[in-house]
Amino acid sequence: MLFFSYFKDLVGGEVTVELKNDLAIRGTLHSVDQYLNIKLENTRVVDQDKYPHMLSVRNCFIRGSVVRYVQLPPDGVDIELLHDATRREARGG
């Protein structure tokens with residue numbers, strides 16, 4: 001639940017999601033659920049030459065099980081908040 005809570009705080013921010021098939025999609029995080037399924041809006045493909053068929057896609061739903069990485073902007077990461085949440089979860093609280 002740690003990552004779910006963290007991603008909920010990022011809703012409305014810009015993220016890049018890299019999928020297991022090497023497709024990377026950048027967009028505005030619209031929603032995320034407990035399975036880490038992600039809905040992006042205003043999407044664009046990072047490597048447009050490799051995936052020209054994806055140029056017309058503006059909104060997408062990404063199943064959590066196909067996500068390899070989620071890249072966040074550096075200013076979007078609160079290290080202290082993550083440390084505190086990790087410690088709380090490790091203690092079971």
Heavy-atom pair of closest approach, residues Thr16 and Ala24: CG2-CB, 4.3 Å

Exam field: side chain Lys39 to backbone Asp33, donor-acceptor pair closer than 3.5 Å: no

Passing candidate, side-chain contact (heavy atoms from CB on, under 4.5 Å) with Ile38, options Ile25, Val66, Leu29: Leu29

Nearest-0.5 Å distance, CG of residue Leu40 to NE2 of residue His30: 10.5 Å

Cluster link Val46 to Leu23, ILVMFWY, side chain under 4.5 Å: no

Reported OG-to-CG distance for the pair Ser65 and Leu36, which is rounded to 0.5 angstrom: 10.5 Å

Flag, side chain of Arg58 to backbone of Asn42, donor-acceptor distance under 3.5 Å: no

Check: Thr28 side chain, Gly12 main-chain N or O, donor-acceptor pair, under 3.5 Å: no

Distance-minimising heavy-atom pair for Val45 and Gln48: O-CG, 3.3 Å

Val57 with Val70, same ILVMFWY side-chain cluster at under 4.5 Å: yes

Path from Leu19 to Phe7 over hydrophobic side-chain contacts below 4.5 Å: yes

Approximate separation, where rounding is to 0.5 Å, of Gln34 CD and Lys8 NZ: 10.0 Å

Heavy-atom closest pair, residues Thr43 and Cys60: CG2-SG, 3.9 Å

Tyr35 atom OH, neighbour heavy-atom count above 12 within 6.0 Å: no

Exceeds 12 heavy-atom contacts within 6.0 angstrom, atom CZ of Arg68: yes

